[in-house]
Amino acid sequence: MEMVILDGFTLNPGDLSWKPLEELGHLTVYDRTPTEEVVQRVGNAEIVMTNKTKLTKEAIAQMPRLRYIGELATGFDNIDIKAAAERNVPVCNVPGYSTHSVAQLTWAFILELTYHTARRSAEVHAGAWSRSKDFCFGHEGLFELQGKTLGLVGLGQIGTAVANIALAFGMNVLAVVRDPSKYANLMGIDFVSREACFERSDFISLHCPLTEDTRQMVNKALIAQMKPSSYIINTGRGALIQEEDLAAALRAKQIAGAALDVLSTEPPSTGNPLIGVPNCLITPHIAWGTREARLRLLHESVRNIQAFLNGKPQHVVNGVGG
């Protein structure tokens with residue numbers, strides 16, 4: 001059985017072993033694949049795996065032996081799942097592998113925004129503490145999380161993990177979901193409209209999928225509902241935010257700041273409006289990248305293929321055979 005991974009480097013930059021996949025068949029791994037080389041590299045492979053490399057309708061139509069597509073991630077907006085379904089090819093993703101890691105980065109952002117630890121450390125190394133007339137300095141901008149309000153847009157596994165940590169800090173938690181009745185067992189969370197969430201929260205954290213309804217939902221109008229002292233955090237998808245509107249709001253000090261692990265185009269172009277904006281933390285899509293999360297992703301991808309080969313595909317996102 002021929003298997004191809006189109007963009008294996010981000011999953012395994014060299015600290016993991018491909019052996020669990022190699023035991024299932026002949027495996028070819030490309031670190032990265034340009035769009036124009038996708039069809040050629042897939043060739044006659046029956047199983048194709050991708051993380052961010054796009055599998056378009058046109059490309060899928062030119063893969064003669066394709067039987068299975070594995071999404072090496074949770075989000076699958078890089079794959080034309082309808083085109084795959086028309087070929088009777090299941091598309092299987094890996095939900096939940098990065099829950100703890102993404103929640104961890106979300107809280108790294110929140111804690112950095114409350115204490116500015118990186119900036120204070122840089123000031124100390126630059127001699128500011130040595131020159132200080134007092135035993136400490138830098139109280140401005142520090143505040144407690146106790147009693148503050150965290151608003152979550154989306155309450156899947158990651159959003160729930162973030163909420164539980166917020167409750168442990170003594171925060172109030174608001175959530176925006178389609179059907180609050182599904183979360184009746186969650187205590188301490190108030191379900192509100194999107195507008196109310198942005199209006200009442202001290203922190204907004206995005207954990208919803210990218211859909212036509214959520215694409216660029218954080219725009220000028222919604223940002224205008226936020227408190228001047230509030231922050232927005234995005235570890236979901238960059239296109240959830242209208243980046244020009246957020247940049248303008250940050251420059252005008254309409255809100256206090258933002259912390260982003262994702263941008264609309266990755267890697268970003270030199271003209272991205274958020275690059276260089278004050279009070280905007282940006283990390284290079286690292287939330288999912290802990291070794292533990294990547295190892296879970298690899299092993300669950302193996303289990304997905306094994307389930308497919310046994311005639312019972314799991315985590316199917318396009319309704320084929322699942």
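Between Leu246 and Ala258, the closest heavy-atom pair is CD2-CB, 4.2 Å. Taking both residues in full, the closest heavy atoms of Thr74 and Gly96 are given as OG1-N, 3.9 Å, listed atom of the first, atom of the second, then distance.
A 4.5 Å side-chain heavy-atom check between Ile204 and Ser230 finds every atom pair outside the cut-off. With contacts defined as side-chain heavy-atom distances shorter than 4.5 Å, the pair Leu155/Leu186 qualifies. At a threshold of 4.5 Å between non-hydrogen side-chain atoms, the residues Gln104 and His100 do not count as touching. In this structure the side chain of Gln242 never reaches within 4.5 angstrom of the side chain of Lys220, judged on heavy atoms. No side-chain heavy atom of Cys92 sits under 4.5 Å from any side-chain heavy atom of Phe308. Using a 4.5 Å heavy-atom cutoff, the side chains of Thr99 and Arg296 are not in contact. Taking 4.5 Å as the limit, some side-chain heavy atom of Trp18 sits within range of a side-chain heavy atom of Leu298.
Between Arg178 and Asp213, none of the side-chain N atoms (NZ, or NE/NH1/NH2) sits under 4.0 Å from a carboxylate O, so this pair counts as no salt bridge.
For Asn44 (side chain) and Arg65 (main-chain N/O), no donor-acceptor pair under 3.5 Å exists by modelled atom type. For the pair Asp202 (side chain) and Tyr231 (backbone), a donor-acceptor distance under 3.5 Å is absent. The main-chain N or O of His285 is found under 3.5 Å from a side-chain atom of Asp261 such that the two form a donor-acceptor pair. In this structure, Arg237 contributes its side chain and Asp77 its backbone to no donor-acceptor pair below 3.5 Å. Checked by atom type and distance alone, the side chain of Thr160 never pairs as donor or acceptor with a backbone atom of Gln157 at under 3.5 Å. Using a distance-only test at 3.5 Å, with no hydrogens or angles considered, a donor-acceptor pair links the side chain of Thr50 to the main chain of Thr53. A side-chain donor-acceptor contact under 3.5 Å links Thr214 to the backbone of Thr211.
Aromatic ring orientation, Trp288 versus Tyr97: perpendicular (interplanar angle above 60°, classes split at 30° and 60°).
Relative to the six-membered ring of Tyr115, Arg120 misses at least one condition, a distance below 6.0 Å or an angle of at most 45° to the axis.
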Exercise. His315 and Glu300: side chain to side chain donor-acceptor pair (under 3.5 Å), yes or no, with the steps?
Worked result: CA-CA 10 Å; His315 304 313; Glu300 191 60 29; 3.3 Å; yes

